[in-house]
Protein chains: 2
Amino acid sequence: MSVSEKGAPMSLKNGPRADSRDDSMTNQEPKPAAGDRRLDDFLCFAIYSANLAYGRAYKPGLDELGLTYPQWIAIVALWEQDDQTVSELGDKMFLESNTLTPILKKLEAMGYLRRQRDPADERQVRVSLTDAGRRLREKGMHMNLVKSSGLKPDEFARLQKSVVRLRDNLIKAMEEE
Amino acid sequence: MSVSEKGAPMSLKNGPRADSRDDSMTNQEPKPAAGDRRLDDFLCFAIYSANLAYGRAYKPGLDELGLTYPQWIAIVALWEQDDQTVSELGDKMFLESNTLTPILKKLEAMGYLRRQRDPADERQVRVSLTDAGRRLREKGMHMNLVKSSGLKPDEFARLQKSVVRLRDNLIKAMEEE
DNA sequence: CTAAATTAAATCGTATCCGATATATTCGCG
DNA sequence: CGCGAATATATCGGATACGATTTAATTTAG
C-alpha cells in the first residue's frame with residue numbers, strides 16, 4: 001500500500017489522477033540524500049494539507065458559532081485560563097501580538113471578551129471572557145464540531161502525541177538556531 | 001507523561017507557564033461527550049500549531065530560495081509532473097484557482113514557470129516549469145530545507161501515514177456531506 | 001537618578017486561504 | 001444549429017500569518 005491510500009480522496013473534488021508509483025520510502029528526514037520525492041512523502045506537506053482539510057471540516061460548525069478557527073481557539077484558550085496577557089495567550093496559540101491583536105479586537109467587538117491594560121504593568125493587556133464568551137464556549141462544547149477522523153482511537157491517540165512532539169521538536173530546533 | 005511533553009518548548013519563546021494537569025484523556029473524538037478539553041488535547045490544534053511550526057522551520061531555507069512555502073510546493077508539484085492544468089495542480093496542492101492563480105502568476109513573473117491556455121480547451125491554463133524553475137527545484141533538492149523533526153524513523157513514517165490518512169478521511173467525510 | 005536597553009502591544013505591508021462572484025469557453029440537448 | 005447548463009480560471013473582499021517597525025512602559029546601568 002502506497003503512502004496515499006488506495007481509494008482515498010486526495011483533493012477537494014476529484015482524486016488526483018492517481019499515478020501512484022510504488023515507493024517504500026515514505027519519510028523525508030531519515031534519508032536526506034534524495035530530493036526527488038513526491039509531495040505526499042513530505043511530512044511538512046502532509047501537515048500543511050491536513051491543516052487545510054481540518055479548516056474546511058470545522059467551517060460549517062464554526063459558521064454556526066459565527067467564529068473563525070483562530071477566534072474559536074482563542075475562546076477555548078481563555079476558557080482554560082481566564083485573564084491572560086496577550087503574550088501568554090500567544091504562547092498557547094503559537095501566535096504573536098501582530099496576529100493576535102486583531103483577532104482579540106474583533107472578539108471584543110463581538111462582545112465575547114474584554115481587553116484591559118494591567119494596572120500593575122501598563123505594557124500588558126489582560127484578556128478575559130465575558131459571560132457571552134463563556135456561553136459561546138459552552139455552546140461549542142455541546143456541538144459536534146468535527147467530522148470523523150476515521151482513525152481508530154489507538155491510532156488517533158498516537159497521532160495526537162506524535163504531532164505535538166514534532167511541533168515541539170521543530171520549535172526547539174529553531175530556538176537553538 | 002502528559003500530552004505536552006515534559007520540558008518541551010510549547011511556544012515561540014517561552015514555555016507556556018506549564019500548568020499541566022494530569023489527564024489520561026488525550027483524544028477528542030473517541031469520547032465526544034466532554035467538551036472541556038485542553039487545547040493540546042485537540043488533534044486539530046496539534047495539526048494547526050505543527051503547521052505554523054513547520055512554516056517557521058522552513059522559512060530560512062525558503063528565504064534562500066526566495067520563495068514562500070506554497071510557491072515551493074507548486075514548484076515541487078510541477079517537478080513531479082510538468083504541464084499540468086491549474087485544476088490538476090490544485091488537486092495535488094489541495095487548493096483552488098482563487099488561491100492558486102495569484103501564486104502561479106507570481107512564479108511566472110519570477111520566471112520560474114509558464115502559463116498558457118490549452119489550445120484544445122481554451123478554458124484551461126497549462127502550467128510548466130522553465131529552465132530557471134527546474135534549476136531552482138534542483139537547488140532546493142540539494143539544500144537541507146528542514147530542521148530535524150527529532151522523531152525516530154519509525155515514528156516519523158507512522159506519523160506521515162497517519163496524517164495523510166486523517167486528511168483524506170476528513171475530506172472524504174466532507175464530500176459525503 | 002536618569003539615559004539606555006528591554007519588554008509588551010500595536011501597526012503596517014505582503015502573502016496566503018477561502019467564499020462568492022464574474023467571465024470565458026465548451027458541452028448537451030432539443 | 002443554438003442556447004442554457006456546466007466547466008475552468010480569475011477577481012474581489014474578509015481573515016489570518018508574519019517580518020519589520022513603532023509606541024509606550026518598565027527595567028537596568030552608570
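Letters go in sequence order (proteins before strands), and every chain restarts at 1.
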Show me the side-chain donor-acceptor pairs of residues 126-136 of chain B shorter than 3.5 Å, one per line, residues at least two apart or across chains.
unit_1   : atom_1 : unit_2   : atom_2 : d
B/Arg126 : NE     : B/Asp118 : OD2    : 2.8
B/Arg126 : NH1    : B/Asp83  : O      : 2.8
B/Thr130 : OG1    : B/Gly111 : O      : 2.6
B/Thr130 : OG1    : B/Tyr112 : O      : 3.2
B/Thr130 : OG1    : B/Ala132 : N      : 3.4
B/Thr130 : OG1    : B/Gly133 : N      : 3.1
B/Asp131 : OD1    : B/Arg134 : NH2    : 3.0

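- Whole-Å rounding puts the A/Glu96 CD to D/dT21 P distance at 15 Å.
- For A/Thr68, no side-chain nitrogen or oxygen approaches OP1 or OP2 of D/dA15 to under 4.0 Å.
- Whole-Å rounding puts the A/Asp118 CG to C/dA8 P distance at 12 Å.
- Both A/Pro119 and A/Gln71 sit near DNA chain D, but only A/Gln71 has its closest nucleotide nearer the 5' end.
- Considering CE of B/Met143 and CD of B/Glu64, their distance stands at 4.0 Å, rounded to 0.5 Å.
- You'll find that the side chain of A/Arg56 is closest to C/dC17, out of C/dA15, D/dA17, C/dC17.
- Take the nearest nucleotide of DNA chain C for B/Glu122 and for B/Tyr69: the residue whose nucleotide is more 5' is B/Tyr69.
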Between protein and nucleotides 5-11 of chain D, map the contacts as a letter string: B base, S sugar-phosphate only, - none, heavy atoms under 4.0 Å, written 5' to 3'.
--BSBBB
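- How far OG1 of B/Thr101 is from CZ of B/Arg115: 6.5 Å, rounded to the nearest 0.5 Å.
- Minimum heavy-atom separation, B/Ser149 to B/Phe156: OG-CD1, 3.3 Å.
- Protein atom NZ of A/Lys106 is 13 Å distant from nucleotide atom P of C/dT11, rounded to whole Å.
- In this structure, the CD atom of A/Gln116 is 13 Å from the P atom of C/dA10, given to the nearest Å.
- Put simply, B/Tyr58 has no side-chain N or O that comes within less than 4.0 Å of OP1 or OP2 on D/dA17.
- Per the geometry, CG belonging to A/Leu52 stands 16 Å off P belonging to D/dT16, to the nearest Å.
- Summarising the geometry, the separation between CG on B/Leu107 and C1' on C/dA15 is reported as 12 Å, rounded to the nearest angstrom.
- A ring-ring contact (aromatic ring centres under 6.0 Å, His included) with B/Tyr48 is found for one member of A/Phe94, A/Tyr58, A/Tyr48, A/Tyr69 and no other, namely A/Tyr69.
- Closest approach of B/Ala77 to B/Leu89, counting heavy atoms only: CB-CD1, 3.6 Å.
- The CG atom of A/Leu95 sits 17 Å away from the P atom of D/dA15 (whole-angstrom rounding).
- Between the CD1 atom in B/Ile103 and the CD atom in B/Glu108 there is a gap of 14.0 Å [rounded to 0.5 Å].
- The distance from atom CD1 of A/Ile103 to atom C1' of C/dT11 is 15 Å, rounded to the nearest whole Å.
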